[in-house]
Engineer: 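Have a look at this one.
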Amino acid sequence: ATQHAFVHGLVRDAVYAQLPRPDRVERHVRVARWIETLPEDRREDRSELLAHHYVQAIELSRSAGLDAAELQPAAAAALREAGLRAFAVGAPPACVRALRAAAGWADGGLDAQALRVLGKALVFTEQSGREELLRAFELFLGEGSKDGAAAVAVDISHSLWQQGDGLGAAEWTARGV
């Protein structure tokens, strides 16, 4: 593989800007696919970098008038993983950005776990998230996951309590137990 080293970031950026967009797309895709081949240990630590390369490839493809549909599932999966990782390390704003982007590119939207995490992150960042939590609750019930639905019920209860709705919180807590 060809590697490049630059004496300064501005030189690197100038060289990168001179590459035709299709070449940039191909390089981002190659890097993303290489990242995917790395060992599974600490995979979640690389999820944001993987998502970055897929998103860049898609955006550059679109700006060059190229079809990027085949990259969208991989981008959505990488963004989902990056969002879950961001929430796990205490970065709700990054979680919201990644999971919203993943929802936009994922066929059928987000799964129950990702919706739960997005809802919880929105409770922290925007004092919202009830819609996402309710949808996660419905999905968990539809999957037959009583434990998942119960956990989301407690999350909804917590968000209602924070908004001063003690009665609503008590009702959702009862659903969770």
Side-chain angles (χ1 to χ4, degrees), residues 29 31-59 68-177:
V29 170
V31 170
R33 294 203 171 127
W34 173 76
I35 292 169
E36 289 175 331
T37 68
L38 296 175
E40 289 294 311
D41 65 320
R42 300 186 58 156
R43 185 178 121 206
E44 67 275 358
D45 291 339
R46 297 187 293 264
S47 59
E48 189 174 357
L49 185 61
L50 180 61
H52 165 78
H53 284 288
Y54 274 125
V55 168
Q56 287 297 307
I58 290 170
E59 289 176 354
E70 80 276 359
L71 299 175
Q72 290 181 355
L79 285 162
R80 178 194 181 278
E81 192 168 340
L84 296 179
R85 175 69 176 159
F87 189 80
V89 298
C95 170
V96 169
R97 282 190 303 275
L99 289 178
R100 280 182 171 159
W105 285 338
D107 288 337
L110 295 175
D111 61 283
Q113 182 60 30
L115 277 169
R116 178 183 181 216
V117 171
L118 176 58
K120 290 174 68 168
L122 286 168
V123 167
F124 286 120
T125 59
E126 300 176 13
Q127 290 71 49
S128 64
R130 179 109 26 93
E131 182 179 319
E132 289 79 6
L133 290 171
L134 288 170
R135 182 74 182 121
F137 181 79
E138 292 169 4
L139 287 173
F140 276 125
L141 283 180
E143 296 169 0
S145 174
K146 291 180 183 178
D147 290 343
V152 175
V154 171
D155 296 335
I156 293 170
S157 172
H158 182 254
S159 72
L160 290 168
W161 181 262
Q162 284 183 322
Q163 295 171 355
D165 184 357
L167 183 58
E171 289 173 4
W172 276 97
T173 298
R175 290 176 106 172
V177 289

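All values below come from the heavy atoms of this structure, side chains included, with hydrogens, waters and symmetry mates left out.
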Engineer: Would you check if W105 and I58 make a side-chain contact, meaning some heavy-atom pair closer than 4.5 Å?
Structural biologist: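 With C-beta onward as the side chain, the pair touches.
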Engineer: Rounded to the nearest 0.5 Å, what separation is found between the CZ atom of R46 and the CD atom of E81?
Structural biologist: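 If we round to the nearest 0.5 Å, R46:CZ and E81:CD are 9.0 Å apart.
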Engineer: Nearest heavy-atom pair of A102 and A76: which atoms, and what distance?
Structural biologist: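 Heavy-atom minimum between the residues: CB-O, 3.6 Å.
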Engineer: Return the minimal non-hydrogen interatomic distance between G83 and C95, and the atom names on each side.
Structural biologist: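 Residues G83 and C95, closest heavy atoms: O-SG, 3.4 Å.
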Engineer: Work out which heavy atom in K120 is nearest to a heavy atom in L133; give both atom names and the distance.
Structural biologist: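 Closest pair (atom of K120, atom of L133, distance): N-CD2, 4.1 Å.
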Engineer: Which pairs of donor and acceptor atoms, one on a side chain in residues 164-177, lie under 3.5 Å apart (sequence neighbours left out)?
Structural biologist:
unit_1 : atom_1 : unit_2 : atom_2 : d
D165   : OD1    : G168   : N      : 2.8
T173   : OG1    : S157   : OG     : 2.6
T173   : OG1    : A169   : O      : 2.9

Engineer: Name all pairs fulfilling the salt bridge (charged side-chain N to carboxylate O under 4.0 Å, His left out) condition that reach into residues 121-132, sequence neighbours left out, sorted by first residue then second.
Structural biologist: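 As it turns out, the salt bridge (charged side-chain N to carboxylate O under 4.0 Å, His left out) pairs with a partner in residues 121-132, which skip direct neighbours, are R100-E126.
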Engineer: By side-chain contact (heavy atoms from CB on, under 4.5 Å), which residues pair with H158, not counting sequence neighbours?
Structural biologist: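 Once residues adjacent in sequence are excluded, the partners of H158 under the side-chain contact (heavy atoms from CB on, under 4.5 Å) criterion are Q162.
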Engineer: Cut-off 3.5 Å, no hydrogens considered: what does the side-chain donor-acceptor table look like for residues 109-119, sequence neighbours left out?
Structural biologist:
unit_1 : atom_1 : unit_2 : atom_2 : d
D111   : OD1    : R80    : NE     : 2.6
D111   : OD1    : R80    : NH2    : 3.4
D111   : OD2    : R80    : NH2    : 3.1
D111   : OD2    : Q113   : N      : 3.2
D111   : OD2    : A114   : N      : 3.3
R116   : NE     : D155   : OD2    : 2.4
R116   : NH2    : D155   : OD1    : 3.3
R116   : NH2    : D155   : OD2    : 3.1

Engineer: Which is it for Y54 and L79 under the side chain to side chain contact (heavy atoms under 4.5 Å, CB included) test, yes or no, and what are the steps along the way?
Structural biologist: CA-CA 9 Å; Y54 274 125; L79 285 162; over 6 Å; no
Engineer: Between A57 and L71, which heavy-atom pair has the shortest distance, and what is it?
Structural biologist: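 Looks like CB-CD1, 3.8 Å.
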Engineer: Check salt bridge (Lys or Arg N to Asp or Glu O under 4.0 Å) between E59 and all other residues, then give those that pass, not counting sequence neighbours.
Structural biologist: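 Salt bridge (Lys or Arg N to Asp or Glu O under 4.0 Å) check on E59 returns nothing, list empty.
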Engineer: Only pairs at least two apart or in different chains count here, so list each salt bridge (charged side-chain N to carboxylate O under 4.0 Å, His left out) that has a residue in residues 68-79.
Structural biologist: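 Not a single pair qualifies under salt bridge (charged side-chain N to carboxylate O under 4.0 Å, His left out).
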Engineer: Would you name the heavy atoms of A32 and L50 that are closest together and state the gap between them?
Structural biologist: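 Answer, listing the atom of A32 first, then L50: O-CD1, 3.2 Å.
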Engineer: Could you check if a side-chain atom of H52 sits within less than 4.5 angstrom of a side-chain atom of Q56, using non-hydrogen atoms only?
Structural biologist: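 A side-chain contact exists here, since the closest heavy-atom pair is under 4.5 Å.
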